[in-house]
Amino acid sequence: MSHRVTLIPGDGVGPEITESARRIIDAAGVAIDWEVAEAGAEVFKRGDTTGVPRETADSIARTKVALKGPLETPVGFGEKSANVTLRKLFETYANIRPARQLPGVPTRYDGEGVDFIVVRENIEDLYAGVEYLETRDVAVALKIISRKGSEKIIRYAFELARREGRTKVTVATKANILKLTEGMFKRIGEEIAAEYPEITHQHLIIDNVAHQMAKDPAQFDVIVTTNLAGDIVSDLASGLVGGLGFAASGNYGDDVAIFEAVHGSAPKYAGKNVINPTALILSSVMMLRHLGEHAAAQRVEDAVFVTLAEGQAVTLDVARQQGDVEEATSTTGFTDAIIGNLGRSPSERYGRERQVPADPPTPRARWSYAPADRAVPTEVVGVDVYLETSDAPAVIGQHLEAIAGADFRLAAVTTRGTLAWPATSARIDSVDWWSARFVPAAEGGAVTDAAILALLGRVSERYRWMDVQKLTRFGDEEGFTRAQGQ
Ligand code: NAP
């Protein structure tokens, strides 16, 4: 049976590594109809602000599987990342990044048995990319964490562990600081862990994960985390096992999967035939497993391992680590060596002994958010108004107390999350971005939309306000945080 796969060569070194992977898959005897499609820099240049043309999205919608090279994204300006657009367009919510000691690839952890998977939530968090320049000098980004998104990815991690015979899932968050967003992720981790009694669950603060990863990476088995943290620790993980040249990944959704190397377009190596294609080749191995081509996946993985173990061909990145760049093999030479090794098996198995999933390792998302939760009484108990001013805190407090009127009482004025009014002993180096918290003037009084709109009208007579946020209580739970020092 022939599979249809969308192939996106991408930017920089993308065309070289995708060509390498494609040649190896073809040589392994897998019948694939490749639909070559465009995305990235050239598309942006033509004025398409998404970087992903309609035909490419249509092709993936048809084939449901894509192998893609890296896509360039302007750093710090310009359009949104086409990579992230592709992941989001097809709701590929699970970004799977294995980190495994590879034969013949020298690392600081040789022989320790590093073999774990980072399961990164792929849609939400700061990667939602919702940003505002609220004043000329202060930019704000929304960190969005949903119960649904968290349940899907955490359950995916536990299902993946179960399928692969892995025994420990580490839920990694910054819940000590971000009680509502990262805290929700942590709590859902605890709930879902109870459904998998055979798997050990632990929660670690993400900064400690980074520390533990550098100190003793073999302790990890599956790590599940939020989007930005997952991005960073998975790059760290790739550094433990030989670098970005070896780091594979798959983006899995309910019906579409996109496979890509973790690394970017490495522009300085583009067109030089020196880049290490292993990361994308191992991503193709993940793709072949997803397609149900387990025997071919094993053949390709074995051939890569034999080539690396025997060191007949080493790419520039490895040759550099070995201190002998003269010995470096070209990208195409390395690819030829792997093709020459198809059919051979490495003399020893690498990674932990475990069953390889018989099915595509794409646990279907399940989430169980009970509609009954919506029955919890919802009450607005105040409002935060964000405003721009260069006034001193005492002056802001004085004006806003008067502006509060008969409906509200000014409870606090904060800047960058720190209490500035009523005055504290804090030494604040304030910026022009402030938040004023108003609560009902009468204890237990209601906050109506009409009262909020009238309040905003009064605020705008004195200050430019940028944003407003209702303070909500859900049953006994406060849906907002207090300022540092409040
Ligand atoms: P990068 O392209 O990943 O390259 C950073 C460095 O990593 C390279 O200079 C090289 O290190 C090493 N490297 C990367 N791939 C390698 C490989 N296959 N073999 C050996 N070494 C490899 O990161 P960047 O320079 O920060 O980003 C360049 C562009 O790629 C940006 O536009 C960025 O937005 C984009 N990007 C795309 C994706 C994606 O498509 N998923 C991911 C990340 C970044 P040495 O210099 O030490 O040799």
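All ligand and atom numbering here is 1-based and tracks the order in the structure. Scope of the values below: all heavy atoms of this structure, side chains included, with no hydrogens, waters or symmetry mates.
Considering only non-hydrogen protein atoms, atom 3 (O) of ligand 1 sits nearest to Gly264 N, 2.7 Å. Glu260 OE1, 3.1 Å is the protein heavy atom nearest to atom 41 (N) of ligand 1. Here the protein heavy atom with the shortest distance to atom 48 (O) of ligand 1 is Tyr269 OH, 2.5 Å. At the shortest separation from atom 47 (O) of ligand 1 among protein heavy atoms lies Arg320 NH1, 4.4 Å. Among all protein heavy atoms, the one lying closest to atom 32 (O) of ligand 1 is Thr73 N, 2.9 Å. Counting only heavy atoms of the protein, atom 15 (N) of ligand 1 lies nearest to His263 CG, 3.1 Å. The protein heavy-atom contact nearest to atom 5 (C) of ligand 1 is Leu244 CD1, 4.5 Å. Annotation: atom 9 (O) of ligand 1 to nearest protein heavy atom, Lys268 CE, 3.5 Å.
For ligand 1, the polar-atom distance check finds no N/O of Pro70 at less than 3.5 Å from any of the ligand's N/O atoms.
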### Task
Start with the C-alpha distance between Asp137 and Thr135, add both sets of side-chain angles, then the distance that settles side chain to side chain donor-acceptor pair (under 3.5 Å), and finish with yes or no.
CA-CA 5 Å; Asp137 297 323; Thr135 75; 5.4 Å; no
### Task
Might you work through the side chain to side chain donor-acceptor pair (under 3.5 Å) test for Glu16 and Tyr269, ending with a clear yes or no?
CA-CA 10 Å; Glu16 293 160 75; Tyr269 296 123; over 6 Å; no
### Task
Using the side chain to side chain donor-acceptor pair (under 3.5 Å) rule, take Thr63 and Arg4 through it: C-alpha gap first, then chi angles, then the decisive distance, then the call.
CA-CA 5 Å; Thr63 62; Arg4 278 198 304 179; over 6 Å; no
### Query
Do Lys148 and Glu151 pass the salt bridge (Lys or Arg N to Asp or Glu O under 4.0 Å) test, and can you show the C-alpha distance, the side-chain angles, and the key distance before you say yes or no?
CA-CA 5 Å; Lys148 184 177 192 177; Glu151 267 201 44; over 6 Å; no
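By the definition of a contact as any protein heavy atom under 4.0 Å away, atom 12 (C) of ligand 1 is not in contact. For atom 24 (P) of ligand 1, the protein comes within 4.0 Å by no heavy atom at all.
Trp465 has its ring centre no less than 6.0 Å from the ring centre of Tyr386.
Glu38 has a carboxylate O that lies under 4.0 Å from a charged side-chain N of Arg46, or vice versa, which qualifies the two as a salt bridge. Contact check on Glu124 versus Lys143 returns no salt bridge, with no Lys/Arg side-chain nitrogen under 4.0 Å from an Asp/Glu carboxylate oxygen. With respect to Glu260 and Arg87, a salt bridge is recorded, a charged nitrogen being found less than 4.0 Å from a carboxylate O.
To the nearest 0.5 Å, atom NE2 of residue His263 and atom OG of residue Ser238 are 10.0 Å apart.
Every atom of ligand 1 is numbered from 1 in the order shown, and the set under 4.0 Å from a heavy atom of Leu71 is 35 (C), 36 (N), 37 (C), 40 (O). Contact atoms of ligand 1 toward Ala266: 2 (O) (distance under 4.0 Å to a heavy atom of the residue). Numbered from 1 in the order shown, with element, the atoms of ligand 1 that lie under 4.0 Å from a heavy atom of Ile275 read 16 (C), 17 (C), 18 (N), 19 (N). Residue Gly245 approaches ligand 1 through these ligand atoms, each under 4.0 Å from one of its heavy atoms: 17 (C), 18 (N), 19 (N).
Ligand 1 lies out of reach of Gly243, whose nearest heavy atom is not under 4.0 Å from it. Residue contacts with ligand 1 include Arg87, since one or more of its heavy atoms lies under 4.0 Å from the ligand.
The side-chain tip of Arg120 points at the ring of Tyr127 from less than 6.0 angstrom away and within 45° of straight on.
A heavy-atom distance below 4.5 Å is found between the side chains of Arg22 and Trp34.
Just one residue in the list Phe90, Tyr93, Phe259 forms a ring-ring contact (aromatic ring centres under 6.0 Å, His included) with Tyr252, and that residue is Phe259.
Residue contacts with ligand 1, taken as heavy atom pairs separated by less than 4.0 Å, involve Val262 solely via the backbone atoms N, CA, C and O. At a heavy-atom cutoff of 4.0 Å, ligand 1 is contacted by the side chain of Asn83 but not by its backbone. Proximity of Asp317 to ligand 1, defined as any heavy-atom pair under 4.0 Å, is confined to the side chain (atoms from C-beta onward).
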